[in-house]
Colleague: 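What follows is a single structure, and I will ask about it in a moment.
Whatever order the structure lists them in is the order used to number ligands and atoms, beginning at 1. No experiment lies behind these values; they were computed from the predicted model shown.
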Amino acid sequence: MLSVQNQIVLITGASSGIGAACAKVFANAGAKLILAARRLERLQELVELSDTTSVQFHLLQLDVSDRSAVESAISSLPPGWSDIDILINNAGLSRGLDKLHEGDIQDWEEMIDTNIKGLLYLTRYVVPGMVKRDRGHVVNIGSIAGHQTYPNGNVYCGTKAAVRAISEGLKQDLLGTPIRVTSVDPGMVETEFSEVRFRGDSDRASKVYQGVTPLTPDDVADVVFFCVTRPSHVNINEVVLMPVDQASATLVNRRN
Ligand code: NDP
Ligand code: 8X3
């Protein structure tokens, strides 16, 4: 098993859910963490909750969909933080659950700009340094939605299908380097995801998980950590994980 001790890990979308869980797992293993999200106060709370004496953090208030902000954040990392070893492209969201022909175009723009373009910007600005240093690992958080489109999921599913294709393409383009690329593609995980999708409608969001035992963010973080800590000649290309109560994007066993 590879150690992540003192490895520099950049996690986007670290202010909540899967990203925050990844931050905890990597912090416990002694990594140096660059945590990025728009809600800086949430990143600060995460740091306060951890054992700050032994873990080093660098916080970035960053909107991944803002290309120039991403470029400037990466190019102006302070000394000791710029040589990123592990990039976890986790920031993402869904907006709405509408028929395509009735969808809100602004929602589409936000999902595409965050889930696809944001992931691409981070990749484009971080991976050249990995190539130069001959080391690195990129983990993209995809989704079951990138494997199976579900009714009204149209554009969100499209963005996750794009993440899957981009992960595959990046792996191909990095062939001949030691840099690894992994896509971790969960099914249903209970986070703020549905609250964001339904714009704060908590009742509707909680119904998504009603009567099932969903994955937790920690379950997904465990898988990310497993992939990153395999021996350096092992590349886990793709992991699809879902709760026992789920068999596909649309087949869910509800006990009520
Ligand atoms: P959360 O809503 O709990 O977390 C989403 C994170 O993404 C937040 O930290 C948010 O931070 C960040 N984020 C969103 N937009 C931006 C942006 N423009 N710039 C920077 N950060 C941004 O949801 P999850 O933890 O569930 O989602 C994490 C990833 O997992 C997403 O890519 C999602 O698509 C994927 N996923 C989720 C599943 C689920 O069922 N929950 C299943 C499969 C995949 P902030 O708002 O502070 O910027
Ligand atoms: C999140 C899982 O099935 O709600 O990517 O799209 S799903």
Side-chain angles (χ1 to χ4, degrees), residues 10-24 34-46 59-67 69-70 73 88-97 107 109-122 139-164 166-167 183-200 204-205 207-209 212 214-221 223-224 239-243 245-252:
L10 167 54
I11 305 172
T12 65
S15 60
S16 171
I18 295 167
C22 287
K24 285 182 214 143
I34 305 175
L35 305 181
R38 293 165 301 179
R39 289 172 295 174
L40 185 63
E41 68 289 355
R42 293 280 291 261
L43 299 177
Q44 284 160 342
E45 282 165 24
L46 196 66
L59 305 187
L60 286 179
Q61 182 166 33
L62 181 66
D63 179 344
V64 297
S65 69
D66 182 339
R67 176 184 159 176
V70 175
I88 304 179
N89 274 318
N90 162 77
L93 80 177
S94 64
R95 287 292 197 194
L97 197 57
D107 286 348
E109 311 272 19
E110 194 178 358
M111 290 187 277
I112 292 167
D113 287 352
T114 310
N115 302 0
I116 306 178
K117 291 166 79 177
L119 177 143
L120 284 171
Y121 297 152
L122 264 299
V139 180
N140 291 331
I141 305 298
S143 170
I144 184 63
H147 297 254
Q148 299 164 353
T149 302
Y150 50 83
N152 303 324
N154 44 65
V155 175
Y156 176 71
C157 296
T159 66
K160 290 301 182 176
V163 169
R164 197 173 168 210
I166 289 164
S167 300
S183 183
V184 173
D185 302 349
M188 192 182 272
V189 192
E190 190 162 10
T191 63
E192 293 174 18
F193 178 85
S194 295
E195 288 259 349
V196 172
R197 168 169 256 173
F198 302 128
R199 295 190 181 276
R204 193 171 175 200
K207 284 202 178 77
V208 173
Y209 311 106
V212 303
L215 295 175
T216 66
D218 292 339
D219 296 327
V220 182
V223 170
V224 171
V239 181
V240 179
L241 68 154
M242 53 178 75
D245 281 338
Q246 185 176 20
S248 75
T250 50
L251 260 180
V252 177

Colleague: Which residue owns the protein heavy atom closest to atom 35 (C) of ligand 1, what's the atom, and how far is it?
Modeller: I141 CG2, 3.9 Å
Colleague: Among all protein heavy atoms in this structure, tell me which lies nearest to atom 29 (C) of ligand 1, with the distance rounded to 0.1 Å.
Modeller: N90 O, 3.1 Å
Colleague: So if I count the atoms of ligand 1 from 1 in the order they appear, which ones are less than 4.0 Å from some heavy atom of A91?
Modeller: 7 (O), 13 (N), 21 (N), 22 (C), 32 (O)
Colleague: For atom 8 (C) of ligand 1, which candidate among S15, P186, S143 provides the closest heavy atom?
Modeller: S15
Colleague: Indicate yes or no: does R39 engage E192 in a salt bridge with an N to O separation below 4.0 Å.
Modeller: yes
Colleague: In the protein, what heavy atom is nearest to atom 1 (P) of ligand 1, and what distance, to one decimal place, separates them?
Modeller: S16 OG, 3.5 Å
Colleague: Using non-hydrogen atoms of the residue, decide whether E190 is closer than 4.0 angstrom to ligand 1.
Modeller: no
Colleague: Can you tell me the protein heavy atom closest to atom 24 (P) of ligand 1 and the distance?
Modeller: T191 OG1, 3.4 Å
Colleague: Just which atoms of ligand 1 are under 4.0 Å from any heavy atom in G17?
Modeller: 3 (O), 25 (O)
Colleague: Tell me the nearest of G142, A221, P217 to atom 44 (C) of ligand 1, using heavy-atom distances.
Modeller: G142
Colleague: Counting only heavy atoms, tell me which of V196, L43, L62 gets closest to atom 20 (C) of ligand 1.
Modeller: L62
Colleague: Do we see a donor-acceptor contact under 3.5 Å between the side chains of D63 and S65?
Modeller: yes
Colleague: Any atoms of ligand 1 less than 4.0 Å from a non-hydrogen atom of D63? List them with their elements.
Modeller: 17 (C), 18 (N), 19 (N)
Colleague: So, using salt bridge (Lys or Arg N to Asp or Glu O under 4.0 Å) as the criterion, who are the partners of R38 when residues are at least two apart?
Modeller: none
Colleague: Could you find the nearest protein heavy atom to atom 14 (C) of ligand 1 and give me its residue, atom name and distance?
Modeller: R38 NH2, 3.4 Å
Colleague: Name each N or O atom in ligand 2 that is under 3.5 Å from a protein N or O, and give the partner atom and the distance.
Modeller:
from: ligand 2; atom 1: 5 (O); to: S143; atom 2: OG; distance (Å): 2.5
from: ligand 2; atom 1: 5 (O); to: Y156; atom 2: OH; distance (Å): 2.5
from: ligand 2; atom 1: 6 (O); to: Y150; atom 2: OH; distance (Å): 2.5

